[in-house]
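Just below is one structure, and these are the notes that go with it.
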Amino acid sequence: MIKKLAACIREYKWPTILSPLFMIGEVAMETLIPYFMAFLVDEGITKGDMSAIKHYGIILAVFAVVSLFCGSMSGICAATAGAGFAKNLRHDMYHRIQEFSFSNIDKFSSSGLITRMTTDVTNVQMAFQMAIRMLFRAPGMLIFSLVMAFKINPRLSLLFLAAVPILGLAVVGLMKKGFPLFEKTFKIYDKLNNVVQENLRGIRVVKSYVKEDHEREKFKEISGDLYNTFVKAETIMAFNTPVMQFCMYACSIAIAWFGAKLVVADNLSQGQLMSMITYTTQILSSLMMVSMILVLSTIAGAAAKRVCEVLDEAPDIVNGNEPVTEVADGSISFENVNFGYGKSKDCLSSISLDIMSGETIGILGGTGSGKSSLVQLIPRLYDVREGSVKVGGVDVRDYDLETLRGAVAMVLQKNVLFEGTVKTNLLWGNADASDEELVAAAKLAQADGFVQKMPGAYDAPIEQGGTNVSGGQRQRLCIARALVGKPKILILDDSTSAVDTHTEALIRKGFREFIPDTTKLIIAQRISSVKDADRIIVMDDGKIAGIGTHDELMANNRIYQEVYQSQNKGGGDFDAPAE
């Protein structure tokens with residue numbers, strides 16, 4: 001895990017190295033100051049020697065200036081290294097997520113990924129920034145102060161060693177109890193983010209059903225769980241400070257008691273006693289720092305583990321050794337395909353199907369029949385469990401992913417527009433498309449009419465998620481966006497459900513006239529949407545229950561007949577067969 005995170009330092013290697021070096025310089029100066037302060041007291045102040053006072057005073061002033069310089073430079077380098085490390089870590093996580101297949105993403109909730117890229121990265125950043133300073137300052141201060149203390153009086157310095165076992169046992173016990181709680185806390189953060197995200201995304205539904213109180217209670221419950229768990233974890237960790245302070249004050253009192261006796265017996269000077277008390281503070285403060293580092297590393301360790309889960313997740317859909325970089329045509333072939341999500345049972349079974357380039361294929365079936373699963377295998381959003389899917393005569397697993405997905409445009413029922421303008425959204429289909437090509441695609445999708453009426457036309461603003469346009473307008477803009485890329489295969493996954501029948505008929509007419517060579521797969525619930533297709537596939541329970549033209553299916557397919565009759569009676573679809 002440490003090796004994986006350390007790889008994110010990259011161009012910030014020098015600030016990372018310089019920060020602890022400057023910190024060691026600061027620590028060296030801070031430990032030398034009490035040592036020479038003893039000479040200042042004993043040789044200068046006690047004896048009234050002004051030359052000795054000036055001599056040691058200059059030395060102490062130089063040490064103080066050097067200490068200030070080293071401390072400042074260490075802080076600057078640590079801040080630069082910490083911010084750069086976090087930037088690279090977020091970069092690596094984001095780019096890894098972009099490589100994920102749908103099955104990879106299914107392992108993490110969207111709210112969980114957001115928490116990992118924000119809260120968890122911040123915790124890891126703070127731990128890293130602290131490590132390259134405090135992790136060197138605390139041990140350095142401890143070692144240097146012990147050396148100087150033993151140099152002054154070895155027997156009196158043995159008192160420091162009595163505190164070490166007590167502190168060690170306390171820290172180990174606290175970490176053992178605290179780590180599981182902090183790990184649980186981050187998981188609750190995921191749930192909290194998920195509730196907030198779900199509420200904001202569905203705020204219209206919440207208000208329509210007057211469910212604000214229900215949502216508040218749901219949020220309050222998870223927020224309360226987070227509060228209780230975090231308080232419990234912090235309560236355990238809070239015992240660290242009193243244990244540290246007890247050891248520090250006990251050692252200080254012991255040093256003062258025995259040191260005073262040594263001064264009276266003339267075995268220790270007043271200046272040396274003052275230095276020993278200063279070293280006591282430094283040694284025990286460094287021990288407290290070490291314990292705090294270990295406590296904070298408990299929190300950071302839980303966060304780092306979650307971050308590395310994302311970095312270690314290997315994309316299961318990648319290019320082969322010599323991927324094909326050209327799609328010959330829009331022909332599609334399914335050969336004995338079985339498919340299921342994760343470890344669940346197959347949702348597609350024994351699918352064998354051949355589609356010629358340029359054909360218009362309608363796909364009908366009830367909810368859960370496997371319609372969307374079928375078409376998602378074509379651009380290789382998922383891989384088959386058994387069998388193969390071929391596009392242009394080549395197995396989709398042999399294609400370069402960018403080439404394949406550039407040739408297959410998919411318009412989903414749940415359309416997504418991004419904040420920007422109409423033009424910037426359409427350019428997602430092809431960043432190099434001309435204005436004329438954008439207008440042509442919009443006309444074909446029956447979107448040009450309402451776009452021209454918007455303030456600014458194609459430069460009209462689109463709000464996040466496309467909330468300032470209607471559902472039908474959003475669907476037509478998404479169809480236009482897909483057409484801009486001039487795909488060899490166009491998949492419409494129930495993407496005209498919010499479009500009126502007249503406009504839908506105009507879209508189908510445009511497809512026949514202007515993109516006859518593009519293979520078109522249209523998933524729909526209304527038979528009228530696919531009635532004129534070259535062939536219609538009827539899906540049922542993950543299998544092909546029938547395939548043929550409208551007339552052929554009316555003649556020999558019971559499911560199709562029942563739905564057709566039901567819809568012609570003024571209602572019903574594939575989820576509500578005729579009685």
Side-chain angles (χ1 to χ4, degrees), residues 327 329-330 357-363 375 379 405-524 526 528-534:
V327 179
D329 55 46
S357 183
E359 266 195 298
T360 298
I361 302 295
I363 303 177
V375 297
R405 291 172 183 173
V408 181
M410 196 165 182
V411 185
L412 306 174
Q413 179 183 15
K414 188 177 180 181
N415 301 285
V416 176
L417 294 175
F418 297 89
E419 186 175 4
T421 64
V422 172
K423 182 177 181 179
T424 58
N425 273 275
L426 295 182
L427 286 173
W428 273 64
N430 178 8
D432 299 322
S434 65
D435 290 346
E436 291 75 16
E437 288 174 321
L438 298 182
V439 173
K443 287 181 177 179
L444 185 54
Q446 301 301 309
D448 181 69
F450 73 82
V451 170
Q452 294 291 358
K453 296 177 182 179
M454 297 174 70
Y458 285 85
D459 291 319
I462 294 293
E463 295 178 3
Q464 186 179 27
T467 55
N468 61 325
V469 293
S470 70
Q473 290 172 335
R474 192 158 56 243
Q475 286 186 335
R476 282 178 277 173
L477 285 174
C478 289
I479 293 172
R481 181 174 62 191
L483 294 171
V484 168
K486 298 178 181 178
K488 288 184 168 60
I489 298 172
L490 176 64
I491 301 172
L492 305 181
D493 189 354
D494 207 10
S495 53
T496 57
S497 57
V499 176
D500 63 90
T501 54
H502 174 68
T503 302
E504 184 184 18
L506 292 175
I507 294 173
R508 295 200 307 271
K509 180 183 178 183
F511 287 172
R512 288 194 301 271
E513 294 177 356
F514 296 102
I515 52 171
D517 297 330
T518 299
T519 305
K520 298 165 283 290
L521 279 68
I522 304 172
I523 296 176
R526 299 187 299 232
S528 60
S529 301
V530 295
K531 184 178 179 181
D532 299 330
D534 297 320

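Note: hydrogens, waters and symmetry copies are ignored here, and every other heavy atom, side chains too, is used.
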Let me have the donor-acceptor pairs involving side chains of residues 449-456, under 3.5 Å, with sequence neighbours excluded, atom names and distances please.
| unit_1 | atom_1 | unit_2 | atom_2 | d |
| --- | --- | --- | --- | --- |
| Gln452 | NE2 | Asp448 | OD1 | 3.1 |

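- Residues satisfying the side chain to side chain donor-acceptor pair (under 3.5 Å) test with Thr518, not counting sequence neighbours, are none.
- Annotation: the span from Ile479 atom CD1 to Ile507 atom CD1 amounts to 4.5 Å, rounded to 0.5 Å.
- Looking at heavy atoms from C-beta onward, Val484 lies out of side-chain contact with Leu427 at the 4.5 angstrom threshold.
- Within the model, atoms CD of Gln446 and CG of Leu506 stand 4.5 Å from one another, a figure rounded to the nearest 0.5 Å.
- Take Asp459 and apply the side chain to side chain donor-acceptor pair (under 3.5 Å) test, not counting sequence neighbours, and it matches no residue.
- Here the CD1 atom belonging to Ile522 is positioned 11.5 Å from the CD1 atom belonging to Ile491, to the nearest 0.5 angstrom.
- Note: Asp493 CG to Ile363 CD1 = 8.5 Å, rounded to the nearest 0.5 Å.
- Considering every non-hydrogen atom in both Ala480 and Ala445, the closest pair reads N-CB, 3.6 Å.
- Here ring-ring contact (aromatic ring centres under 6.0 Å, His included) pairs that include residues 493-518, with residues two or more places apart or in two chains, number zero.
- With hydrogens and angles ignored, the 3.5 Å screen pairs no side-chain donor or acceptor of Asp517 with any backbone N or O of Gly358.
- In this view, Thr421 and Thr424 satisfy the side chain to side chain donor-acceptor pair (under 3.5 Å) rule, not counting sequence neighbours.
- If you take CG on Leu426 and CG on Leu438, they are separated by 5.5 Å, rounding to the nearest 0.5 Å.
- Considering every non-hydrogen atom in both Gly485 and Asn430, the closest pair reads CA-CB, 4.2 Å.
- The two residues Ala447 and Leu477 make their nearest non-hydrogen contact at CB-CD2, 4.2 Å.
- For the pair Val530 and Gly362, the tightest heavy-atom approach, listed with the atom from each and the gap, is CG1-CA, 3.6 Å.
- One finds the CD atom of Gln473 at 10.5 Å from the OG1 atom of Thr503 (value rounded to the nearest 0.5 Å).
- Ser357 contributes a side-chain N or O that, together with a main-chain N or O of Gly330, makes up a donor-acceptor pair within less than 3.5 Å.
- Note on residues 414-434: pairs passing ring-ring contact (aromatic ring centres under 6.0 Å, His included), not counting sequence neighbours, are Phe418-Trp428.
- The salt bridge (charged side-chain N to carboxylate O under 4.0 Å, His left out) pairs that include a residue from residues 466-488 are Glu437-Lys486, where partners are two or more places apart or lie in different chains.
- Pairs passing the salt bridge (charged side-chain N to carboxylate O under 4.0 Å, His left out) check and including a residue from residues 417-430, sequence neighbours excluded, read Lys423-Asp435.
- Looking only at distances, a side-chain donor or acceptor of Asn468 sits under 3.5 Å from a matching main-chain atom of Glu463.
- Closest approach of Pro487 to Ala407, counting heavy atoms only: CB-O, 3.6 Å.
- Residues forming a side chain to side chain donor-acceptor pair (under 3.5 Å) with Glu504 (at least two apart in sequence, or on another chain): Thr496, Arg526, Ser529.
- Between Val375 and Ile523, some side-chain heavy-atom pair lies under the 4.5 Å cut-off.
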